[in-house]
Amino acid sequence: MSKKKDKLTDGLRSMDDSFQLHVTLKRGKDLVAMDARGTSDPYVKFKVNDKLLHKSKIVYNEINPTWYESFSISIQDKFEPVIIEVFDYDIVSQDDFMGMALLDITKVELNTWVNKTLLLQDPINKKLPGTMGNLQVSINLEPNTQADQCQDLGDTQIIEHYSVVDDVVLVTEQTKPK
């Protein structure tokens, strides 16, 4: 197979496997108080494969914070969980870990907003899920469209509509670069 064909079929294969995860981080409830005054300054990190994809703003002096932050992240592997970690911001020392949750998106229906309550846990110190509070999020998983993933294929044709049957790419409409 030519290099251009390899690049084209690899690009088409990756289109089938990638998604946009739309997230609204709503609020936290009953988070662990990490400061001497009985509150925390929580913020949330969203990661996949140890790569930071989003970090929320800090909500000061609160164990029941409200964020209502919306963002979208690209997901290449639907079977890799989104790791959600909560930290207490500290000016003087290292930020304190407040809990974590795994967001399994394999069971999420595509193109449908779902509300989820994620029970925070500390697997290292063996604190049970929910004993460290919870986060409330809304999520929507969408497959990436071809327009989202258009690649520069040099002087080859740009595919607008395609289907794959028995590993053969069938092009139904195409345009040439100008």
Side-chain angles (χ1 to χ4, degrees), residues 5-31 42-59 64-87 98-121 123 129-130 132-153 156-177:
K5 278 187 177 178
D6 285 343
K7 188 174 181 181
L8 177 63
T9 55
D10 287 347
L12 290 174
R13 204 170 289 119
S14 70
M15 284 184 205
D16 294 335
D17 298 335
S18 64
F19 301 86
Q20 284 294 311
L21 179 63
H22 306 284
V23 179
T24 300
L25 172 60
K26 294 180 175 181
R27 66 183 68 87
K29 186 171 186 234
D30 299 327
L31 300 184
Y43 66 91
V44 183
K45 291 182 177 181
F46 291 79
K47 297 178 179 179
V48 174
N49 285 326
D50 264 349
K51 181 180 178 189
L52 179 63
L53 301 174
H54 180 79
K55 180 180 171 184
S56 75
K57 67 180 181 181
I58 300 165
V59 178
N64 294 301
T66 301
W67 285 279
Y68 277 95
E69 289 183 26
S70 295
F71 57 94
S72 297
I73 54 179
S74 182
I75 301 292
Q76 296 304 316
D77 183 357
K78 185 178 174 181
F79 297 99
E80 191 65 40
V82 178
I83 299 167
I84 302 170
E85 298 173 318
V86 182
F87 291 89
M98 296 177 64
M100 65 159 301
L102 297 179
L103 178 58
D104 178 7
I105 59 173
T106 59
K107 297 175 180 128
V108 174
E109 185 177 340
L110 293 178
N111 302 312
T112 303
W113 280 96
V114 177
N115 292 316
K116 292 213 169 254
T117 298
L118 304 171
L119 302 179
L120 298 177
Q121 60 182 321
M132 302 183 78
N134 67 66
L135 293 178
Q136 295 173 7
V137 298
S138 291
I139 60 171
N140 179 15
L141 185 66
E142 296 179 348
N144 274 337
T145 64
Q146 184 178 356
D148 293 336
Q149 296 194 359
C150 229
Q151 297 183 11
D152 178 12
L153 300 174
T156 61
Q157 295 176 332
I158 309 270
I159 296 173
E160 291 184 349
H161 299 282
Y162 73 93
S163 58
V164 179
V165 177
D166 296 326
D167 290 330
V168 175
V169 177
L170 304 173
V171 178
T172 55
E173 184 178 332
Q174 57 192 1
T175 59
K176 293 185 180 187

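What's counted below: heavy atoms across the whole structure, side chains too, no hydrogens, waters or symmetry copies.
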Non-hydrogen side-chain atoms of H54 and F71 separated by less than 4.5 Å: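 Heavy-atom side-chain distance check passes, below 4.5 Å.
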N64 side chain reached by L31 side chain, heavy atoms, under 4.5 Å: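 With C-beta onward as the side chain, the pair stays apart.
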Under the rule for side-chain contact (heavy atoms from CB on, under 4.5 Å), what residues qualify as partners of [X], not counting sequence neighbours?
| X | answer |
| --- | --- |
| Y68 | T24, K26, R27, T66 |
| L53 | V48, K51, I73 |
| S74 | Q20, Q76, N144 |

Working to the nearest 0.5 angstrom, can you tell me the gap between [X] [atom1] and [Y] [atom2]?
| X | Y | atom1 | atom2 | value |
| --- | --- | --- | --- | --- |
| L135 | K116 | CG | NZ | 13.5 Å |
| M100 | L119 | CE | CG | 12.5 Å |
| N115 | S138 | CG | OG | 3.5 Å |
| Q136 | T117 | CD | OG1 | 4.5 Å |
| W67 | I58 | CH2 | CD1 | 11.0 Å |
| L118 | I84 | CG | CD1 | 5.0 Å |

Charged tip of K78 within 45° of F19 ring normal and under 6.0 Å: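 Satisfied, under 6.0 Å and within 45°.
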K55 to F46, cation-pi by 6.0 Å centre distance and 45° axis angle: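 So K55 doesn't make the cation-pi contact.
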Candidates V82, L141, N140, I139 - the one meeting side chain to side chain contact (heavy atoms under 4.5 Å, CB included) with V23: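 Looking at V82, L141, N140, I139, the match for V23 under the side chain to side chain contact (heavy atoms under 4.5 Å, CB included) is I139.
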Pairing of K47 and E85 as salt bridge, 4.0 angstrom limit: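 Yes, K47 and E85 are salt-bridged.
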Worked verdict on E142 versus H22 for side-chain contact (heavy atoms from CB on, under 4.5 Å): CA-CA 8 Å; E142 296 179 348; H22 306 284; 3.1 Å; yes
Under 3.5 Å donor-acceptor, D104 side chain and P81 backbone: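 No.
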L120 vs M98, side-chain contact (heavy atoms from CB on, under 4.5 Å): CA-CA, chis, key distance, verdict: CA-CA 8 Å; L120 298 177; M98 296 177 64; 5.8 Å; no
